[in-house]
Amino acid sequence: MAFRKEKPGQYWGELHPDLLDEIAKHISSYDDYVRLRAVNKSWNKALPKIPTNVALRGPWLVLPFDEEVYDHHLRLPELKNTKIRGSSFGWLIVVETGGKLRMLNPLTGSSFGLPPLSTFPNVLSYQPDEHGKEYTVKDSTVDKEDSDEPPFIVIIDSIHMQKKFIEKVVLSSPPDDQDKFMAVAIYGWYPELAFYRFGDDKWTNLPFIDIYRGRRSGIRDVIFHQSKIYAIDEYGYLYEFDMKTVSGGRIRNVKRPQTSITICSRIKYLVRNPDGHLLMVLRYVDYGNRQLRDLYKTAGFDIFELDQSTGQWFRKFNLGSYVLILGYNLSTWKPPFADEKGNYARNCIYFTDNNLRYQLDNYAYGGHDIGVFNLEDESISQLFPHSTFFNPPPVWLL
């Protein structure tokens, strides 16, 4: 009698399409759906790239409400007295009183500490007992090597440091992947970059200079992409940092789109799509009549896609069936997802208010500009049309 030795999983590829489709219906996570398609070549070919039978979850919105305003909600008392400055891979990055930086997973209750504000490159000293004068900070708007101007030194109390110093933090991966885990922060009065690798006890600066008289241009967004860090500044210039180098970063400028609108829009985002391309998203805001203190509202978006081979940006007019999620969160490209009524969100941009300036200057409004932009007809649906002030501003939890 002869026996044939078969490889494990040899016949998985012969699974009937109807049975495979039935399995896919029970997948509620897009990450798990991607893994399902990656089991073998036949499954990858049989299952559509955009799932049609998968009840994908949309983003959660973290709101500063005490009352229960939604049917599905989760109270997060641990966020009290914190400032949310990031959201990546299901983790919120918060600045606590006393300058502590912490990552919190609200669904699992897990937490992970990051180096505190006192370890950022521009912080010259931290005296916790000097109430009202805890931090001595250097303003590095001017690069000392290219300018005769002396650095500007300022004394800041811990309350203002908690509110103002960090603009956004994004992650490369969840923290359980210790070999790959990194964080990068947009920080400072004229925002620049600092990074953290797993096990570091401080933040390390990512230096860059723009073309404007040796002065630093403020960074607007940052993202991990293809083992590198990419950042976009207020003028629409793209910076690339190769984190495999010993020095921490190599800079290469990419040409701006041939249009003046990149300067008109100071709010910009970087997003990577599933095909490996990098997108730049410009957000336009109507500030109304500032003398009458009218509320500002988002007026629209423009999207550009980067051709890596030529270093050129090309205008993109729709997202197909996909959705963009923008705000304090890691700027994200997401497959279509269904709401509670079974309606699918497609070809649109979900956005929250990350216009931090209005949260800092004691305005009577701010944090309210939250909604959905439809690329099909360029319409905007505000999620809280009658609200004028959220503090802290809401953030997407993905």
Side-chain angles (χ1 to χ4, degrees), residues 140-143 146 167-168 170 184-195 206-226 228-242 249-273 275-287 296-319 324-333 349 351-357 369 373 375 378:
S140 60
T141 299
V142 179
D143 188 86
D146 292 348
E167 186 163 313
K168 186 176 184 179
V170 301
V184 62
I186 303 175
Y187 78 100
W189 321 131
Y190 206 53
E192 52 188 306
L193 297 172
F195 73 91
L206 278 175
F208 66 97
I209 298 295
D210 71 4
I211 63 173
Y212 291 91
R213 301 177 183 177
R215 299 180 68 87
R216 300 180 188 274
S217 60
I219 293 296
R220 295 307 171 199
D221 200 13
V222 63
I223 194 172
F224 289 91
H225 178 59
Q226 297 178 342
K228 298 178 181 180
I229 292 176
Y230 286 86
I232 196 79
D233 72 9
E234 60 187 305
Y235 300 109
Y237 287 100
L238 182 71
Y239 299 87
E240 174 190 282
F241 302 87
D242 186 351
R250 179 178 59 84
I251 303 171
R252 179 174 66 88
N253 287 339
V254 175
K255 295 180 181 179
R256 296 188 304 167
Q258 297 301 311
T259 172
S260 61
I261 61 175
T262 54
I263 297 178
C264 298
S265 168
R266 297 178 67 86
I267 304 178
K268 299 177 176 65
Y269 306 92
L270 288 177
V271 191
R272 58 186 179 190
N273 70 15
D275 295 327
H277 295 112
L278 200 62
L279 304 180
M280 175 174 63
V281 183
L282 311 183
R283 179 175 177 175
Y284 304 103
V285 177
D286 181 1
Y287 289 95
Y296 61 86
K297 296 288 185 182
T298 292
F301 292 86
D302 279 326
I303 303 172
F304 293 85
E305 183 176 299
L306 179 65
D307 184 335
Q308 288 277 15
S309 61
T310 63
Q312 299 284 341
W313 294 101
F314 294 94
R315 185 79 176 273
K316 193 176 183 68
F317 293 96
N318 70 80
L319 300 170
L324 295 184
I325 313 292
L326 306 177
Y328 279 117
N329 58 285
L330 171 66
S331 302
T332 303
W333 173 292
I349 299 175
F351 59 90
T352 54
D353 192 335
N354 61 314
N355 201 344
L356 188 59
R357 178 165 61 95
D369 188 16
F373 176 74
L375 275 80
E378 298 186 351

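Within the 4.5 Å cutoff, the side chain of Ile186 has heavy atoms near those of the Leu193 side chain. The shortest distance between side-chain heavy atoms of Leu206 and Tyr239 does not fall below 4.5 Å. Counting heavy atoms from C-beta on, the side chains of Met280 and Tyr230 never come closer than 4.5 Å. In this structure the side chain of Val222 never reaches within 4.5 angstrom of the side chain of Leu270, judged on heavy atoms. Looking at Val271 and Ile303, their side chains never come closer than 4.5 Å, going by heavy atoms from C-beta outward. Counting heavy atoms from C-beta outward, Tyr269 and Ile349 have side chains that stay 4.5 Å or more apart.
Atoms CD1 and CG, on Ile219 and Asp233 in that order, are 5.5 Å from each other to the nearest 0.5 Å. Atom CZ of Phe317 sits about 8.0 Å away from atom CG of Asp302, to the nearest 0.5 Å. Atoms CG and CG, from Leu319 and Leu375 in turn, are 5.0 Å apart once rounded to the nearest 0.5 Å. Remark: Lys316 NZ to Phe304 CZ distance equals 12.5 Å, nearest 0.5 Å.
Side-chain atoms of Asp275 never come within 3.5 Å of backbone atoms of His277 as a donor-acceptor pair (strictly under, hydrogens ignored). Ser309 places no side-chain N or O within donor-acceptor distance of the main-chain N or O of Asp307, the cut-off being under 3.5 Å.
In terms of heavy atoms, Asp353 sits closest to Asp369 at OD2-N, 3.1 Å. Gly300 and Phe373 get closest at one heavy-atom pair: CA-CE1, 4.0 Å. Across Lys228 and Asp242, no two heavy atoms sit closer than the pair CG-CA, 4.2 Å. Residues Gly218 and Tyr190 share a closest heavy-atom pair of N-CE2, 3.7 Å. Val170 and Lys168 get closest at one heavy-atom pair: CG1-CE, 3.9 Å. Scanning all heavy atoms of the two residues, the minimum distance from Tyr187 to Ala194 falls at CE2-CB, 3.6 Å.
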- Query: Between Leu330 and Phe224, is a side-chain contact (heavy atoms from CB on, under 4.5 Å) present by the stated rule, with each step listed?
  - Reply: CA-CA 9 Å; Leu330 171 66; Phe224 289 91; 5.9 Å; no
- Given Asp221 and Arg283, is the salt bridge (Lys or Arg N to Asp or Glu O under 4.0 Å) satisfied, shown in steps? CA-CA 12 Å; Asp221 200 13; Arg283 179 175 177 175; over 6 Å; no
- Item | Working for side-chain contact (heavy atoms from CB on, under 4.5 Å), residues Ile267 and Thr298 | CA-CA 10 Å; Ile267 304 178; Thr298 292; over 6 Å; no
- Please step through side-chain contact (heavy atoms from CB on, under 4.5 Å) for the pair Tyr296 and Asp286, ending with a clear verdict. CA-CA 6 Å; Tyr296 61 86; Asp286 181 1; over 6 Å; no
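Checked against a 6.0 Å centroid threshold, the rings of Phe351 and Phe301 count as neighbours.
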